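Each remark here refers to the structure printed beneath this line.
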Protein chains: 2
Amino acid sequence: MRGIARLARELGVSTATVSRALNGNPNVNEATRQKVLEAAQRLGYAANQAARSLAQGVTRSVGFMIELDQESTTSTDYFFMGVVEGMQAVLAAHGLDLLVLPCAKSQDNFTFLQRFVSRGAVDGLILAETRRIDRRIDLLKSSGIPFVTLGRSDSGSGYSWIDLDFEGVMATAVERLVRHGHRRIAVTVPSNDANYGAIFAQAYRDNLARHGLGFDEALIFPTRRREDDGDSIVDGILDRPDPATAIILFYEVTAIGIYRRLAERGLEPGRDLSIIGFRGEESVRFLMPQVTCFQMSLQDLGTAAARALLAQMPMTARAFPSGIVQTRVPLSLVPGESDGPVCPREG
Amino acid sequence: MRGIARLARELGVSTATVSRALNGNPNVNEATRQKVLEAAQRLGYAANQAARSLAQGVTRSVGFMIELDQESTTSTDYFFMGVVEGMQAVLAAHGLDLLVLPCAKSQDNFTFLQRFVSRGAVDGLILAETRRIDRRIDLLKSSGIPFVTLGRSDSGSGYSWIDLDFEGVMATAVERLVRHGHRRIAVTVPSNDANYGAIFAQAYRDNLARHGLGFDEALIFPTRRREDDGDSIVDGILDRPDPATAIILFYEVTAIGIYRRLAERGLEPGRDLSIIGFRGEESVRFLMPQVTCFQMSLQDLGTAAARALLAQMPMTARAFPSGIVQTRVPLSLVPGESDGPVCPREG
DNA sequence: ACACCGATTGTAAGCGCTTACAATCGAGGG
DNA sequence: CCCTCGATTGTAAGCGCTTACAATCGGTGT
């Protein structure tokens, strides 16, 4: 005999009583509860997860699905850790376990997710790296499981998401540059198919328009999260009849390559080319002159996501006001010396 | 009626047959199996995880416990994606799900782990960030659950671990420096209580001794994973009667601060101070002169850990040779220009 | 034609826990 | 002293799936 039955026999009570005592059911004599708790503690007993889930129809755990990139870099980790920390804290406070579910880039993320959902392995889900059109969202919506996405998509709107305020960032960046007299502003965007790339690019366009600046396809540079696009970007920006005088970077590491190329050409960041980075990234923190960038709390992003999820889970929903939440987390500008007034071109 | 019963009724067979068909039991008519598979596919059926686990006494999932640091300065955080990728690939190939279990630094990691173990939430565990004396290892050993640690500990020896070959790294580094004529070699070590710090320090001592070099406590600098210890290190090394001429870094980011301080003092990395980093970190890659460092595949580390775990799980053990595995993953030297022959001191 | 056998399927007993419902007990009311 | 009621505990029916064991069926050997 094992599990709860053993405990029950040991104490000379029924399994029902033990179960009640352990689960905080009020219909138990307080003295009995103490006995049970003590015995459980002493024997290191904890209810079997599977049995409990089966009986209750609830797992008390939520999944955070992430995708593993071959090129995984340290600051993906950095991003990840911060966000997870925020989520974990909130969820734990409500008695929920956070299970991070890593999906290999090589396997179909839809199928991956579907397995966890249809097997009822988690009570709720948080998705990262949302695609512009993301079948996973339809899957979750139709399955009825509570979920939240980190990042918007175009797949319908009846669901909660938390995203960075790309629009706000872009507005601030462009305005700052315009105020410095820049009229030709380049931008880098991610070359993958995640939705944030499209949003970033759109915000770029919108803000140029707002300031009456012309849009030039040639000033948009798709980049990956690595520093080695600097050459082509710098050359692409400057070696043209109407060179840009500023650039806004989606991936801040790109600044490294840009700095390097500028140096090779005898130019200086902040003077000959204004540069604004997106998110203060570790590997860029040490560049001189310091990169003007935006900053945010990863933990806050995580807690916001977790709260939005809790608001949808029957178990916890009553503690939260609104059902569906769609939030853009604002970033704050961290002024550096990588941008400044337009430098009059010589020649 | 739901779940397998519904499927069974739909097909006019018993639940037993459906179960068998779905689980690859050979005692099913192939035609029947196809029918079942087809129907399951069509109805999007997947066996309820909890029920299945309860019936089988097995979850088909393994946990990877990581710790979340407020300041994200642990080693796990720039390890994570790569290692998880390796693990996930191996585990998935054996039909196991990888659940990453994040434990807040603020909560007791022993209790955290215990819950998952005693609730039978996973069939196996991988631990990261092993302490020198780690109660978790005793817990896992006594609980009988298969497990592997990423990093050694002093807590007994009857278990599998995978670790970096700190000794090999240190031997190579010291030998390289000695060959360059260095006799006074400093080192940085992590300031936390993870076991790798002690190992690194010990290997340092051993290798000095091997080359007949004296050991000087003053040349050991505890550091965190951030760049700003450079000043105190550089000054501490040089402003003394018998300055060191080389330094080996545990956290490679320290190089950034060191480079900066050296520059301030009009000194040059590689000439005035030889620097060898431990693991090629992204944020250091762009330093000039390039930092001589060591490199490894995080994926390989992950696959090694996963394999070592599989070797202990009854389900998969037969596919693997040895039971207990204790491996040191070697790193390879990536020569840069941050180290070289001792530069004769002027004055 | 009959016992026997392998292939296939059905029956039903759990897996360990929760929980609706029944049972018990002592106290207070009439 | 009997009845009612609240507090507490026990009984037992599942939760959805697996699997030992029994049952069925067509084919074989003799």
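All values reported here derive from a predicted model rather than from experimental measurement.
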_Heavy atoms from C-beta onward define the side chain here; which of D:dG16, C:dC17, D:dT9 lies closest to that of A:Y45?_
C:dC17
*Using a cut-off of 4.0 Å on non-hydrogen atoms, how would the nucleic acid contact of B:S19 be classed: base, sugar-phosphate, or nothing?*
base
*So how far off straight is the helix from C:dA1-D:dT30 to C:dG30-D:dC1, going by the axes through five pairs at either end, to 10°?*
50°
*Listed by chain and number, what are the side chain to side chain contact (heavy atoms under 4.5 Å, CB included) partners of B:T130, not counting sequence neighbours?*
B:D134, B:I137, B:T149, B:S153
*Can you name the salt bridge (Lys or Arg N to Asp or Glu O under 4.0 Å) partners of A:R33, sequence neighbours left out?*
A:E30
*Any salt bridge (charged side-chain N to carboxylate O under 4.0 Å, His left out) involving residues 299-312 of chain B? Give me the pairs, sequence neighbours left out, ordered by first then second residue.*
none
Report all interatomic pairs (protein N or O, nucleotide N or O of nucleotides 12-15 of chain D) with separations under 3.5 Å.
{"residue": "D:dC15", "atom": "O2", "partner": "A:A55", "partner atom": "N", "Å": "3.3"}

_salt bridge (Lys or Arg N to Asp or Glu O under 4.0 Å) partners of B:R60, counting only residues at least two apart_ = none
_Residue B:N29, side-chain heavy atoms: nucleotide from C:dA20, C:dC17, C:dT9 that is nearest_ = C:dT9
*Without swapping roles, check the side chain of B:Q49 against the backbone of A:F116 for a donor-acceptor pair under 3.5 Å.*
no
*Sequence neighbours left out, what pairs pass salt bridge (charged side-chain N to carboxylate O under 4.0 Å, His left out) with at least one residue falling in residues 142-161 of chain A?*
A:R132-A:D154, A:R152-A:D163, A:R152-A:E167
*asked:* Looking at A:R6 and C:dG16, is any side-chain donor or acceptor paired with a base atom of the opposite kind under 3.5 Å?
replied: no
_A:R60 CZ - C:dC17 P separation (whole Å)_ = 15 Å
_salt bridge (charged side-chain N to carboxylate O under 4.0 Å, His left out): pairs with one or both residues in residues 3-26 of chain B, sequence neighbours excluded_ = none
*Please name all residues satisfying side-chain hydrogen bond (donor to acceptor under 3.5 Å, both in side chains) with B:D108, sequence neighbours left out, ordered by chain then number.*
B:T111
_Rounded interatomic separation in angstrom, taking CG from B:N25 and P from C:dA7_ = 13 Å
*Heavy atoms under 4.0 Å, any strand shown: does B:V18 hit a base, just sugar-phosphate, or nothing?*
nothing
*Compare the minimum distances between each of C:dT9, D:dT9, C:dC17 and the side chain of A:N27, then state the nucleotide with the smallest one.*
D:dT9
*What residues, two or more places apart in sequence or in another chain, satisfy side chain to side chain contact (heavy atoms under 4.5 Å, CB included) together with A:R115?*
A:R119, B:D97
*Does A:R52 make a side-chain N or O approach to OP1 or OP2 of C:dT18 shorter than 4.0 Å?*
yes
*For A:R42, which residues count as a salt bridge (Lys or Arg N to Asp or Glu O under 4.0 Å) partner, sequence neighbours excluded?*
A:E38
Distances for protein N or O near nucleotides 22-27 of chain C N or O, under 3.5 Å:
none

